[in-house]
Structures are given as C-alpha cells and as structure tokens.
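What follows is a single structure, written as structure tokens, with notes after it.
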Amino acid sequence: MKDIARMALQPGMEIASDVTNAQGEVIVKARTKVTDYTIQKLSRHNIMLVTIMEEVDYAVTYFEKIRLSDGFKKFEKAYNQAMPLYKKIMSDFIDSNISIPVYELMQIYQDIMDSVENKSKLLDYLYNMLPTEDDMTYAHCLNSALIAGVFGQWLSMKDDEIEILIQCGFFYDIGKLKLPYDLIWKPGKLTPIEFAKIKTHTILGFQMIQDEPLNDHILKATLTHHERFDGSGYPSRLHDVQIDKYARIIAIIDAYEAMTSARTYRESKHPFQVIQIFENDAIKYDIEILTPILFHIANHMVGLMVLLNNDVKAEVMLINQNNMSRPLLRDESSTFIDLMNRKDLEIIGIY
C-alpha cells in the first residue's frame, strides 16, 4: 500500500483503506475501485491524500511477495546483466579453449551480491528466478556459486575458503555444458543408458579444467560432487572423508539448487519440502555440514505463515531440532500444532 495525492488518482486504482471526512464519516470504503465519480467525491470533501493498493498487496504467497519487492527487482536486474558475461566466459573456454579468468568470475559474483542489500534474502530471490531454456545449465552453476557464498558463511568458513567454495560453484558442473541439452534437462525419467551418459559429466568436467591454474579443491569438487558420504555415489564410490570437504559441501549445494529452481516442467520445492528430502537422505551427506545449513534454511521460515494440507493456516513458531521439516506451529485460533506429533499434516505452501 502507498499514500498518493488525490490529484494523482487514476480510474482503475483500488482504495486500500476507508477514507473518512472531517466528521469521521466513511465516504469511500476500502477496496473500492476508483472511478471519475470517486475522484469527484473526494474532491468535494477536500480529501488531499488517499491510500491505494499496490501490486505487491495482491500477492498471496511469501515468494510472490518477494518477487514483487524492490529488492528482488534490483537483484534481478543485476543478475540478468551478469548472466551474458558469465555465459560468454564459459562458452569461450568450451568453444575456443580461451582460459577462464577466475578474477572476472569473482567480479560477476560481487556485482550480483552488491545488488542484495539484505543478504538473508538471496536464497528467496534465487527461488524466484526462472532462466530461459538456453541458460538453464549456466544458471545452475551461477546460482550454485551465489549459494556457495551464503552456505560458506553459515558454515563459519574463512573468507579465503568461501572464495574457493564460490569458485567451486562456478566450475563443478562445467562438464554438463558438453552434453546435449535435451539429455541434461529431460523432464521424464532417464533410461539406464541416458543416466550413464549423464554421469560422465564429472570426469568430463575434470578433464576440461585439469590443466587450468585452479585450486585443487575446485578440481576435486568437479570430479567428486556426486560421491556420497555412504559410498553410494559416483564415479568412484568414495565415502566419508575420502571425499574432499569442498566436494561434500558442493554436493549439498547442487541438490539444493536443483530442488529450489523452477523449471518449465515443474514447480520449485518450498523450503520445508527441501529440508524433508535432505533429512530423508541424510546418510548420503556429511551431517556436520548438512545440519547447520538446514537449520539456517528452517530458521528463516520462523514467523511466516504456512498452509497445511487440511487448509489450515498457521504461523511457524519454533523449529524442531530433531526434525527440522516439521516445526511447531500456531494456528489462527492460537492453538499450537506440533507437526512432530501430527504425521497426517504436511506443509504445502509458505505465506
């Protein structure tokens, strides 16, 4: 909502709150659509200022409101300016074997981050980005680099360590840029042959950058980001600390980015769905890395309203440490709902 002068009113605008005259009588009710008659009536009563509805006031969900915020629009502009630069750097390397200027990648990262005044909103902003089909693979890596900066801070890493992690985000999936687009982004289930082809991107990416002057952690993250802590990953079925620490973090970033990025064939998963999937698959990840990341994601939701599968809306009051996807809620009648004890209920939306 915003206040504007009566002289600036235009037919079609919507009054946000009751307008009263000098005697306190309501002369125009809230949610009235402005017409020429409305403007004339306000003029007769010498009303100089009125409150009108803005686009964001019609947003329903939390992420719709984020998408319409000034902060997101500023981020979106910086992101869209940076994408062609990042795409050109990577394309020049792949198509013309032009060495990748890491300092330029870090400048791209910084230019985007400079547009984000409230860094806690970055993941919310990325949640609302929908790349074009031609940019989806590039966006996956650019988004991962941005997420890496956030997760690195959550993990209390040193500045130079965070910088390496960000660079891992830029490079780790570069092998996918050598594979057919239709294979990488196939909406349906992959055949065994197709999945075997997809799995080659880790070795392919490593081979592409092994002669570049890059930090060793970047090479290891590129080769081993699909290894899993329980030994179930690929290409070498490494387990536990056999997997480089940066690769263990990138594994989480990669999965998180994939789940929270909208695609033309499916919607993004909301934060509590993401947390639940990670909790179900916790054995695959380094729990000492995963736990603080999930806690920060969940804690960001405290104070927001959620919609349950029984159509009840409730406020997130407290995160359950042992099951962060199932918080303590309070509904509109001030009744507490502990999802730890209500397995029949699921969060289906964030408001």
Report yes or no: do [X] and [Y] form a side-chain donor-acceptor pair below 3.5 Å?
X: E279; Y: S325; answer: yes
X: Y138; Y: S91; answer: yes
X: Y172; Y: H140; answer: yes
X: D230; Y: H239; answer: no
X: N143; Y: Y79; answer: yes
X: Q110; Y: D114; answer: yes
X: Y62; Y: D124; answer: yes
X: Q107; Y: D111; answer: yes
X: N320; Y: D338; answer: yes

So do H296 and N299 actually touch side chain to side chain, heavy atoms under 4.5 Å? no

State whether R342 and D344 are salt-bridged, where the test is any N-O pair (Lys NZ or Arg NE/NH1/NH2 against Asp/Glu carboxylate O) under 4.0 Å. yes

Salt-bridge criterion met for E76 and R67 (N-O under 4.0 Å):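 Salt bridge absent between E76 and R67.
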
For atom CG of D70, is the number of surrounding heavy atoms from other residues, nucleotides or ligands below 6.0 Å larger than 12?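 Not more than 12 within 6.0 Å, no.
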
Should we say atom CG of D160 is surrounded by more than 12 heavy atoms from elsewhere, each under 6.0 Å from it? yes

Between I164 and I243, is there shared hydrophobic-cluster membership here, with clusters defined by ILVMFWY side-chain heavy atoms closer than 4.5 Å?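 Per the 4.5 Å side-chain linkage, I164 and I243 are not co-clustered.
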
Could you state whether L190 and W185 fall into the same hydrophobic cluster, counting links through intermediate Ile, Leu, Val, Met, Phe, Trp or Tyr residues with side-chain heavy atoms under 4.5 angstrom apart? yes

Who pairs with P101 by side chain to side chain contact (heavy atoms under 4.5 Å, CB included), at least two apart in sequence or on another chain?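 Result, side chain to side chain contact (heavy atoms under 4.5 Å, CB included) vs P101: I89, Y103, E104.
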
Kindly state whether the ring of F170 and the ring of Y86 have centres lying under 6.0 angstrom apart. yes

Between Y127 and F63, does the ring centre distance come in under 6.0 Å?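 Yes.
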
Of N21, T20, V19, V28, which is the lone residue that meets side-chain contact (heavy atoms from CB on, under 4.5 Å) with H45? N21

Does E64 use its side chain to pair, donor to acceptor, with the backbone of T61 at less than 3.5 Å? yes

